[in-house]
Amino acid sequence: MINITFPDGAVRQYEQGSSALDIARQISEGLARKVLAADVNNDVWDATRPINTDAKIKFLMWDDDNAKSTFWHSSAHLMAEAVEGMFPGVKFWVGPPLEKGFYYDIDMGDNVIGEEDLRKLEVKMAELAKQNNSYIRKEISKPDAVKYFEEKGDEYKLDLLGNLNDGEITFYTQGNFTDLCRGPHIPSTGFIKGIKLTNVSGAYWKGDEKNKMLTRIYGVTFPTQKELDEHLFLLEEAKKRDHRKLGKELGIYTMDDDIGQGLILWMPKGTVIIEELEKLAKETELAAGYKRVVTPHIAKEKIYLTSGHLPYYEDSMYPPMEIEGTKYYLKPMNCPHHHKIFAAEQHSYKDLPLRLAEYGTCYRYEQSGELFGLMRVRCLHMNDAHIYCAKEQFAQEFRAVNDMYIKYFKIFGIEKYVMRLSLHDPKKLGQKYVNEPELWLETEAMVRQVMTEANIPFIEVQDESAFYGPKIDVQIYSTIGKEFTLATNQVDFAQGRSFKLEFTNQNNEAETPLIIHRAPLGTHERFIGFLLEHYAGKFPLWLAPVQVKILPISDKFLEYAKNVLNKLKIADIRVEIDERTEKIGKKIRDTELMKVPYMLVIGEREMNEEKISIRRQGKGDAGTKSVDEFVAMITEEIKSRRIAE
RNA sequence: GCCAGUGUAGCUCAGUUGGCCAGAGCAGCUGAUUUGUAAUCAGCUGGUCGGGGGUUCGAAUCCCUCCACUGGCUCCA
């Protein structure tokens, strides 16, 4: 007998070799029907795996993340079985679960898989699921495993086996499909009910673009069809918030083949947002002791050799223009230009920190397949600044930048983000990262300390830093689930020396400043792309391209409406009037769809009483006020940059 | 850049196995309507079916190629 401890602390005895599923069954059949996996001594196990020692267990059901992962991983195996049935001879790489769903990477040989094949595979999977085959775990010796896959001629699984030791190798079989797999799996295929294969794509083997491209099939499954339908419905809803769709519908930006890929044309409405953001940045930076500068869009080749960017990033820079034997590049970042401004004057420690700010226009030749709406473009406007400071000033400056981020995020109501401390990778010193092992560790420790002292939650990630130093990235997610860096705060211990930047310290010695690169509002492109999705197009009043739309009920009231228009214009409110001879219902509908925050309905009553009727976007009729009262109300809302609740 | 898919009026989309002058709704224009909180009615304009090449008596439809977009992969100073 073994002692099993349950989450509530209760201890009960079971026969040795009982599985979690056996135990669940003894409690109730209903429970057993829901158990997908089990947590055994803090490891996730197959619910069917025999337990031979005393253990602490917890049943994992659909509401548990580990159970979901197990479910989706088992679904990947089910899909593999269907694929193998339909395309005999294909070879499998790996099929992990994702946050929502799963994929399997497959070498399809000469087979091409299309949309129709996915539908057929779904049907096949449903058939296999109905057979309710058990997932059977089998421990196997390494030589036997190698032999199995050698006979099969499967170089991929043999590659995986190369990294595994004898004694830790298991096979899982369900129906006609056997796979090398660590597990765990759900008890049987019958749990899988709602099945959707979402898309096919290519994926390089082991994620290396020099390797062969495998076929990756993505899918998602649920224990019921209803949950699948709900999931698909949510996806559809999310698509409505896609900044590319909203950007077009609301007239924010456009792109044109004749201009070029990834080059954004900001339309008047988008430009209003840009200017409001810049106004905010300027106010904030002025208050924080920044000085503004303006620099050209191009520079000679030499400067990018000095900065060290050219060898690292030549492929993603626009090719140079050669004039009279000199090569000029479009600037991919603003740092070298700012460094030269620092270098133009002599500096004493008393001048530091020197903070140079610019909304800089940069050009990066991103690979065509990487371009993505406003989030990944080739011409970008960066909320850039470089802070030159002495080492002992670093902590305070870095912290001030973080505080600025948080202040901004509060203004925009951005709550869902992750601060990421991006570190170097010691293995890539001298290649991807400047070869200064001690400085790396020192600056990374400095950043870590600032974050910890400021009590800001963050995660640490290796091999994500800039080549010149560690950084804090703010990660956000687009509505369709892609992750992006919204803002960045970077330490640079390398470029100060490359550019021979110096200041004279208290001891009358030349000292190289540390540089902080920061862009709390990221780029206009990515930030506005994010805001479009964040607000679902319903910008707060201070950002709204059109703040107020005047809707006369008929053109008999046009003159009075124009009076109102002028009063609002004098108060610096972005206001338009709908002069069309349409019915009021139509005018309201169109204005609602354009997500204009305030609508002023003007008819006979308003004209006679010298008032206006207010309608708030999405909220309906909001009563009557005098023009002056209304102006006072919304001026306050604009000035405070309030987010409407 | 790589894999797969898509590309029809300003926008959203129809267009059977290749076959008469390529369709609809919205938008736009013109006219009528002068309207009270999410779509008034009528008429009209508008497309070398992404570009180029080919197969065919005949191509939006089949093939090749280039371009762009979409979903991934790789990348993101």
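This structure is a prediction, so every number in the text was calculated from the model and none was measured. The chains referred to below are lettered A, B, ... by the order of the sequence lines, with proteins before strands, and numbering in each begins at 1. Values below: all heavy atoms of this structure, side chains included; hydrogens, waters and symmetry mates excluded.
Put simply, CZ on A:Phe467 is 14 Å from C1' on B:C76, counting in whole angstrom units. Atom CE of A:Met607 and atom P of B:U35 are 12 Å apart (whole Å). For the pair A:Tyr433 OH and B:A77 P, the interatomic distance rounds to 9 Å; values are reported in whole Å. Separating the NZ atom of A:Lys583 from the C1' atom of B:A38 is a distance of 12 Å, rounded to the nearest angstrom. With rounding to whole Å, A:Asn211 atom CG is found 11 Å from B:U74 atom P. Summarising the geometry, the separation between NZ on A:Lys428 and C1' on B:C75 is reported as 12 Å, rounded to the nearest angstrom. Between A:Leu593 atom CG and B:C26 atom P the separation is 15 Å, expressed in whole Å. Between A:Tyr103 atom OH and B:G71 atom C1' the separation is 15 Å, expressed in whole Å.
With B:A38, B:C73, B:G71 as the candidates, the nucleotide lying closest to the side chain of A:Ala203 is B:C73. Picking from B:U35, B:A77, B:U74 the nucleotide with the shortest atom distance to the side chain of A:Glu370 gives B:U74. Closest to the A:Ile553 side chain, of the nucleotides B:U35, B:C75, B:U37, is B:U35. Ranking B:U35, B:G36, B:G72 by closeness to the A:Val601 side chain, first place goes to B:G36. Here the side chain of A:Ser368 is nearest to one of B:C73, B:U37, B:G1, namely B:G1. Closest to the side chain of A:Lys556, from the set B:U34, B:A77, B:C26, is B:U34. For A:Gln367, whose side chain is taken as the heavy atoms from C-beta onward, the closest listed nucleotide among B:U74, B:C3, B:U34 is B:U74. If you check B:A39, B:C3, B:A77 against the side chain of A:Met213, the one that comes closest is B:C3. Of the candidate nucleotides B:A77, B:A4, B:A27, B:A27 has the atom nearest to the side chain of A:Lys586.
Not a single donor-acceptor pair, N or O on each side, falls under 3.5 Å between the base of B:A38 and the side chain of A:Thr591. Judged by distance alone with a 3.5 Å cut-off, a donor-acceptor contact links the side chain of A:Tyr204 to the base of B:G1. Scanning atom types as modelled, no donor and acceptor separated by under 3.5 angstrom connect the side chain of A:Thr581 and the base of B:U34. On a pure distance criterion of 3.5 Å, no polar donor-acceptor pair joins the side chain of A:Arg216 and the base of B:A4. One N or O donor and one acceptor, one from the side chain of A:Glu606 and one from the base of B:G36, sit under 3.5 Å apart. Applying the 3.5 Å distance criterion, the base of B:C69 shares no donor-acceptor pair with the side chain of A:Arg244. Evaluation of atom-type donor-acceptor distances gives a pair under 3.5 Å for the side chain of A:Arg376 against the base of B:C76.
Rounded to whole Å, the separation between the C1' atoms of B:G51 and B:U8 comes to 15 Å. Annotation: B:C41 and B:G5 have their P atoms spaced 43 Å apart (nearest Å).
Counting only N and O atoms by type, the side chains of A:Glu606 and A:Ser613 include a donor and acceptor under 3.5 Å apart. In summary, the side chains of A:Thr295 and A:Glu358 do present a donor paired with an acceptor at a separation below 3.5 Å, with no hydrogens or angles considered. A:Glu637 and A:Tyr598 share a side-chain donor-acceptor pair at under 3.5 Å.
Among A:Lys239, A:Lys240, A:Arg244, A:Lys245, the one residue that satisfies the salt bridge (Lys or Arg N to Asp or Glu O under 4.0 Å) test with A:Asp242 is A:Arg244.
At most 12 non-hydrogen atoms from other residues, nucleotides or ligands lie less than 6.0 angstrom from NZ of A:Lys340.
Heavy atoms of A:Thr198 sit nowhere under 4.0 angstrom from any nucleic acid atom. At the heavy-atom level, A:Gly207 lies under 4.0 Å from the strands shown only through sugar-phosphate atoms. In this structure, A:Gln261 reaches the sugar-phosphate backbone alone: every heavy-atom distance under 4.0 Å involves primed, P, OP1 or OP2 atoms, never a base. Note on A:Asn199: only backbone sugar-phosphate atoms sit closer than 4.0 angstrom, heavy atoms only; bases stay farther off. When heavy atoms are screened at a 4.0 angstrom cut-off, A:Phe484 is found touching no nucleic acid atom at all. At a threshold of 4.0 angstrom between heavy atoms, the contacts of A:Thr488 with the nucleic acid are absent. Using a 4.0 Å heavy-atom cutoff across all strands shown, A:Lys482 reaches sugar-phosphate atoms only and no base atom. Within the nucleic acid shown, A:Glu582 comes within 4.0 Å of at least one base atom, counting heavy atoms only. Within 4.0 Å (heavy atoms only), A:Asp257 reaches sugar-phosphate atoms of the nucleic acid but no base atom. Looking at heavy-atom distances under 4.0 Å, A:Phe557 makes no contact with the nucleic acid at all. A:Gly585 comes within 4.0 angstrom of the backbone, heavy atoms only, and of no base.
OP1 and OP2 of B:U12 both lie 4.0 Å or more from every side-chain N or O belonging to A:Lys245. Between A:Lys471 and B:A77 there is a side-chain N or O to OP1 or OP2 distance below 4.0 Å. At B:U12, one or more side-chain N or O atoms of A:Lys248 fall inside 4.0 Å of OP1 or OP2 (strictly under the cut-off).
Where A:Tyr218 and A:Pro332 each meet RNA chain B at their nearest nucleotide, the meeting point lying more 5' is that of A:Tyr218. Residue whose closest nucleotide on RNA chain B sits further toward the 5' end, between A:Thr215 and A:Lys206: A:Thr215.
Judged by a 6.0 Å distance limit and a 45° cone about the ring axis, A:Lys210 is not positioned over the six-membered ring of A:Tyr204. A cation-pi arrangement is present between A:Arg378 and A:Tyr365, with the terminal nitrogen or guanidinium carbon under 6.0 Å from the aromatic centre and inside a 45° cone about the axis.
A salt bridge links A:Asp473 and A:Arg420; the closest N-O separation between the charged side-chain nitrogens and carboxylate oxygens is under 4.0 Å. Remark: A:Asp159 engages A:Lys206 in a salt bridge, criterion side-chain N to carboxylate O under 4.0 Å.
Judged by distance alone, the side chain of A:Arg241 and the main-chain N or O of A:Glu533 form a donor-acceptor pair under 3.5 Å.
Paired regions of RNA chain B, where each region holds three or more successive Watson-Crick or G-U pairs whose two hydrogen-bonding distances fall under 3.5 Å, are B:1-7 with B:67-73, B:10-13 with B:23-26, B:28-32 with B:40-44, B:50-54 with B:62-66.
In terms of the side chain to side chain donor-acceptor pair (under 3.5 Å) criterion, A:Glu301 has no residue partners (sequence neighbours excluded).
Between A:Tyr313 and B:A77, a base-stacking contact is recorded: ring centres under 5.5 Å apart, planes less than 30° from parallel.
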